[in-house]
Amino acid sequence: MSSTPSSTTYVLRGVRPYGTDPVDVVLSDGVIAAIGAPGTIEAGEGQGAGAVVREIQAEGHVLLPGLVDLHTHLREPGREDAETVFSGTRAAAAGGFTAVHAMANTTPTQDTAGVVEQVYRLGQEAGWVDVHPIGAVTVGLGGEKLAELGAMADSAARVRVFSDDGKCVHDPVLMRRALEYVKAFDGVVAQHAQEPRLTEGAQMNEGVVSAQIGLTGWPAVAEESIIARDVLLAEHVGSRLHVCHLSTAGSVEIVRWAKGRGINVTAEVTPHHLVLTDDLARDYDPVFKVNPPLRTAKDVEAVREGLADGTIDIVATDHAPHPVEDKDCEWASAAFGMTGLETALSVVQQTMVDTGRMTWADVARVLSENPARIGRISATQGRPIAVGEPANLTLVDPAATRAIDGRTQVTASDNTPFQGMELPGRVVATFLRGRATVLDGAVVDGPGNGTGADGKTLEGAAR
Amino acid sequence: MNPGSRMPESSAPPSPASGTVPSAAPSATSSPASSAAPSRDPGTAARTVLGEADIARALTRIAHEIVERNKGAADLLLLGIPTRGVQLAHRLAERLAQIEPTFSGEYGTLDVTMYRDDLRRQPTRAVGQTVLPGSLDGTIDDKVVVLVDDVLFSGRTIRAALDALNDLGRPRVVQLAALVDRGHRELPIRADYVGKNLPTSRSERVRVRLADVDGGADSVVISEVASAGVSTGSTGDASTASTGESEATL
Amino acid sequence: MKHLLTTQGLSKDDAILLLDTSAQMAATQSRENKKLPTLRGRTVVNLFYEDSTRTRISFETAAKRLSADVINFSAKGSSVSKGESLKDTALTLHAMGADAVVVRHSASGAAHQLAHAGWLDAGVLNAGDGMHQHPTQALLDAFTIRRHLVGNVGDDGRGPDSSVGADLAGLRIAIVGDVLHSRVARSNVYLLHTLGAEVTLVAPPTLVPVGVETWPCRVSYHLDETLEQWQPDAVMMLRVQRERMSGGSGAFFPSPMEYSRKFGFDARRLAVLPDHAIVMHPGPMNRGLEISAAAADHPRSVIVEQVANGVAVRMAALYLLLAGDDSTGSTSSNTGSTSTDERIAL
Ligand SMILES: [Zn+2]
């Protein structure tokens, strides 16, 4: 294993950090080596004679800190037919990410130190992004018995985020214990808020559309009641709570209220809940079947509002790849979930930036800085764009548009709800500690990427 | 595809189906076929070949022929084939009632849609009603049925009508009256009573307009079909392709 | 008409065409020879993922009376929970050259998917999909209502049907029972509304779907009040599934007795209705629960006639789906290209 993060020096010409005025940026030795006014930096400046220097003409492109996903389903171990750590993290790099949190609902479940370390190592070997496994809250996601949260926290994977995602920690006593227990290592419980009894057999948002098309409804209150309970529990025991993929106007209200009370709660929204509605279920195409379900236009407006005003802290993909046969069937039999890593930034641009509701600095906040902070990986990820900082960066061309096609996505699965749509923005380059994982809009297959050559992976997270 | 290139088929003489059906000569029918004299001008303009008075005369003559041929109107049942055949049956029934006071003046409707052999070649046809005169109590057994249609062309509609009749019962005899026989038979079928024999080419279109159905004055009009793909010669394809809603081509 | 999947969005013209065609089909069914040659050579597949002998036999009879070849494909038992079966079955039917597929499935949307997922190009006739739709049931209900309340056919169902071409304007129909889980209710609400009738749904609040407010109907929680004050011309009782009253805390009403008392139809409630009113039920009935024997067997009950009309309505649907020129559908090219070849050869 080499300890050289990258032997290439990159000079990014005319980039706009956070969408502000153009500068030239030099990446060298895994860090941001220099930032200067356009034209003031010589290529190769300060480099040794043999150094490889690559200039990237990027006038007008926006430079962001590398994106961090707090909610990714990498499916390995167990469902390698849908995705592997390798294919999923490669897709993440393509989408501009430099770190992902890998959800615990694998087979076997990520509920022991052994399994989280396995996933962590697979991530290191792949080398596309930093992989931070999420630990299960309960054994086997069974909702009955706490998993060994401490062991996972102390493992090489240094787990800080715990979630039974896919299932709700619905037992109030168990939830209370989990919230309390993770305080010992500054962990957070990320709750998948879904009251199970209220959602038995549920297929889609309960409302006008479900009533017409005859699919069992999934009431908003099933989500909101759990969030309301959990923020009160978090307040009571003085713990940190994270709400996964909130999807309803009522949930936004509850989180807003809780934050106003000073409760230590953070919340996420997915890209798809920022733009898609339950009307899409009318054709029974299971590609639109997702948990939590697509809601109404009113809910979409509420989550956009919540994201803009800071009630919602982050956008997380809930990237959920599925093999074709799990989506090419009756709605009721189909799997929940949609891929998101490669479309997330575009959806945020379309719904929040191009609409004038957020700046690119806000995008950096909700897609990099905040998720890194919640995941407690801020030492390496979600850092400022400044000299000396780790060169985890994403370069995006906001003027580009692209047609989405699931079959050409980098992820191993095809299930995108944006099939055939034109979305704005394109990730031109992604740098992980100065090493390009994406260049010219395409993933860079080796050296270093996918070969386990990055010896410095996660050193900061181990502090 | 243009009609002009179809000479090999369309030039075939509109021979009355040879021998297969006993021939009661259509001799009595009005003027010689050539009386469709008005110039065959290339402008494709419609030519009126029968006017109101011609049609009235033809129907009166047919009514007399029916009585003569059947030696009265006993057991006579007129069944019109929608749409214009029904109206013609109605008019024939009125005339028959005048000629033969014993005739009730009743007539019926025979919808043949579900018996057609060309359903799949055309947009879905609405199924019409089959109505028998109330006095029959639902049976046509042993009746003298006269089918009435406006234009006799390929013979396929009449073939369907015979099948439809068969499902209603067993008439003693079935006869056919048509206002116009335009030739181009594709089945061994011929009319017993014809208002006018009208030699046509396949590419032409014969329209019967009846005041009570179409408004305006009664008329029979020939026009050139503008669209291509009319005639393929070989099978019913040819005749059905040119079928318009208001035109009975079969 | 390529498919018949739902009554929602069915135009009034198409609805009346279906009813009128049904009337003509019904007329042929009183003949000694009930069989018509219309669909000779065409293949209709009955694809039933749920047990429903009544519905299957009705469709089978309809197809056979039109001389179609009928293949019964009972998929019951072949795991409905796993979706591949629907797709794979569809591909099989496609390979067999099915012209129309009549599908009954427990999953809402299954018929829609068969029609639109690109698995096969046959016409699809929805014979009931989950809680979504059962359009031929609604059509036969509307047909029965029209014959009785517009066409004034006698109690024996005979005599000329003078209602051809008519809609149901001004009629009041009460649909009573488990609306939440009922594809019959959903189908009827939209069709009856399209035909100009007024509809009131009557059910306990637990059996009315959230989101019902966009349906073109009113909702009442009180049967007696609806019957007395609204005076419906027809009362359509829905079947209550036994499992709706079990399930402990998940039961939809406290007991069968209470349901029957508040929402069951009996002779006493029948007496409140106008003299011309008719009583309907899609079957199979739970006698003693949603309908009493006295009401079910009353002269004003048209339940048996509904069954008979089902055949005519399904004949009409099959006719309109299959009889016409299919060149707009993707199956078409067979006949089309054949005749083209002939033309070239000539
Ligand atoms: Zn989740």
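Residue numbers begin at 1 in each chain, while the letters A, B, ... track the order of the sequences. Note: hydrogens, waters and symmetry copies are ignored here, and every other heavy atom, side chains too, is used.
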Query raised in the report: Can you tell me how far CD of A:Glu330 sits from NZ of C:Lys87, rounded to the nearest 0.5 angstrom?
Result: 11.5 Å
**Report entry** Distance in Å, C:Gln113 CD paired with A:Tyr284 OH, rounded so as to fall on 0.5 Å steps
**Finding:** 9.0 Å
Query raised in the report: Can you tell me how far the OG1 atom of A:Thr216 sits from the NE2 atom of C:His181, to the nearest 0.5 Å?
Result: 7.0 Å
Query raised in the report: Only one of C:Gln133, C:His132, C:Arg186, C:Gln8 forms a side-chain hydrogen bond (donor to acceptor under 3.5 Å, both in side chains) with A:Gln212, so which one is it?
Result: C:Gln8
Query - Interface residue of largest heavy-atom contact number with chain A, from C:Asp129, C:Leu114, C:Val189, C:Thr214, under 4.5 Å - result: C:Thr214
Report task. Could you check C:Ser108 against A:Trp331 for side chain to side chain contact (heavy atoms under 4.5 Å, CB included), going step by step and ending with a plain yes or no? Result -> CA-CA 8 Å; C:Ser108 297; A:Trp331 180 285; over 6 Å; no
Query raised in the report: Is chain A contacted by the side chain of C:Val210, its backbone, both, or neither, given a heavy-atom distance below 4.5 Å?
Result: both
Query raised in the report: What part of C:Glu213 gets closer than 4.5 Å to chain A, counting heavy atoms only: side chain, backbone, both or neither?
Result: side chain
Query raised in the report: Given a strict heavy-atom distance threshold of 4.5 Å, which part of C:His116 is in contact with chain A: side chain, backbone, both, or neither?
Result: neither
